[in-house]
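The structure under discussion appears below in the form of structure tokens.
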Amino acid sequence: MDTALLLPMTAHVALAALLYVLLTVARAPAIWGIGRRADGSNPFASLEPRIGANLSNQFEWPLFFHVACVLLMLLGTSAMAIALAWLFVGGRLLHSAVQILTTNVRLRGLVFTVNFLAVLGLWGVLLVMALARA
């Protein structure tokens with residue numbers, strides 16, 4: 001089995017783990033009182049829903065990324081697949097930053113398009129490889 005795609009897959013899992021940590025920190029003032037402002041408010045109140053939404057996003061379209069990567073690891077990986085996988089991971093990182101740190105929905109949509117096309121590209125590579133073996 002070719003494991004070249006394992007590193008970008010692991011990088012995406014690490015991103016999801018980081019988002020869980022950020023969400024825990026953002027909720028700490030409200031849940032445990034840690035980091036609460038003097039007036040009792042949560043300094044991360046505006047970020048918490050955006051972090052939560054972004055974390056949920058990591059289990060939607062990325063599912064197709066991971067399935068394609070596993071299938072490609074079984075069939076054999078190409079340089080194109082590796083490049084597309086890293087493009088996806090880079091796009092996910094950028095998407096997370098845009099979604100959490102801004103309210104710019106247009107920019108977030110553009111960044112998502114990169115992720116979307118990278119995964120479609122992976123499925124295209126997978127289809128070509130599978131048909132070549134048929």
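Note that the structure is predicted; figures quoted are calculated from it, not measured. All values below were derived from every heavy atom in this structure, side-chain atoms included, with hydrogens, water molecules and symmetry-related copies excluded.
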How long is the straight-line distance from [atom2] of [Y] back to [atom1] of [X], given to the nearest 0.5 Å?
{"X": "Ile100", "Y": "Ser46", "atom1": "CD1", "atom2": "OG", "value": "11.5 Å"}
{"X": "Leu71", "Y": "Met129", "atom1": "CG", "atom2": "CE", "value": "11.0 Å"}
{"X": "Leu126", "Y": "Thr77", "atom1": "CG", "atom2": "OG1", "value": "10.5 Å"}
{"X": "Leu15", "Y": "Thr10", "atom1": "CG", "atom2": "OG1", "value": "12.5 Å"}
{"X": "Phe65", "Y": "Phe116", "atom1": "CZ", "atom2": "CZ", "value": "15.5 Å"}

For the side chain of [X] and the backbone of [Y], is there at least one donor-acceptor N/O pair under 3.5 Å apart?
{"X": "Thr3", "Y": "Leu6", "value": "no"}
{"X": "Arg133", "Y": "Val128", "value": "no"}
{"X": "Trp123", "Y": "Ala118", "value": "no"}
{"X": "Arg36", "Y": "Pro29", "value": "yes"}

Apart from Leu107 itself, members of its ILVMFWY cluster (side-chain separation under 4.5 Å) are Leu94, Val98, Val111
Compare every heavy atom of [Y] with every heavy atom of [X], then report the nearest pair and how far apart it is.
{"X": "Arg92", "Y": "Phe112", "answer": "NH2-CD1, 3.8 Å"}
{"X": "Ala68", "Y": "Leu122", "answer": "CB-CB, 4.1 Å"}
{"X": "Asn115", "Y": "Gly91", "answer": "OD1-C, 3.0 Å"}
{"X": "Leu72", "Y": "Ala81", "answer": "CD1-CB, 3.9 Å"}
{"X": "Ser78", "Y": "Val125", "answer": "OG-CG1, 3.7 Å"}

Run the side chain to side chain donor-acceptor pair (under 3.5 Å) test against [X] and tell me which residues pass, sequence neighbours left out.
{"X": "Asn54", "answer": "Gln58, His95, Ser96, Gln99"}
{"X": "Asn104", "answer": "none"}
{"X": "Asn42", "answer": "none"}

Check against side chain to side chain contact (heavy atoms under 4.5 Å, CB included), Arg50 and Phe44: CA-CA 10 Å; Arg50 288 188 262 169; Phe44 308 112; over 6 Å; no
Between Trp61 and Asn57, does the side chain to side chain contact (heavy atoms under 4.5 Å, CB included) criterion hold? Intermediate values first, please. CA-CA 7 Å; Trp61 189 243; Asn57 291 157; over 6 Å; no
Show me the donor-acceptor pairs within less than 3.5 Å that the side chains of residues 19-28 make with the rest of the protein, sequence neighbours left out.
from, atom 1, to, atom 2, distance (Å)
Thr24, OG1, Tyr20, O, 2.9
Arg27, NE, Glu48, OE2, 2.8
Arg27, NH2, Glu48, OE2, 3.1

Taking a hydrophobic cluster as the set of Ile, Leu, Val, Met, Phe, Trp and Tyr residues connected by side-chain heavy atoms closer than 4.5 Å, whether directly or through intermediates, do [X] and [Y] fall within one such cluster?
{"X": "Leu127", "Y": "Val119", "answer": "no"}
{"X": "Val13", "Y": "Phe64", "answer": "no"}
{"X": "Val70", "Y": "Leu120", "answer": "yes"}
{"X": "Val105", "Y": "Leu101", "answer": "no"}
{"X": "Leu110", "Y": "Leu117", "answer": "no"}

Less than 4.5 Å apart, any side-chain heavy atom of His12 and any of Phe88?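 They are in side-chain contact.
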Sub-4.5 Å side-chain heavy-atom contact between Phe59 and Leu63: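 SC-SC contact between Phe59 and Leu63 ruled out.
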Of all residues at least two apart in sequence or in a different chain, which pass the side-chain contact (heavy atoms from CB on, under 4.5 Å) check with Ala11?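 If we apply the side-chain contact (heavy atoms from CB on, under 4.5 Å) test to Ala11, skipping adjacent residues, the hits are Trp86, Val89.
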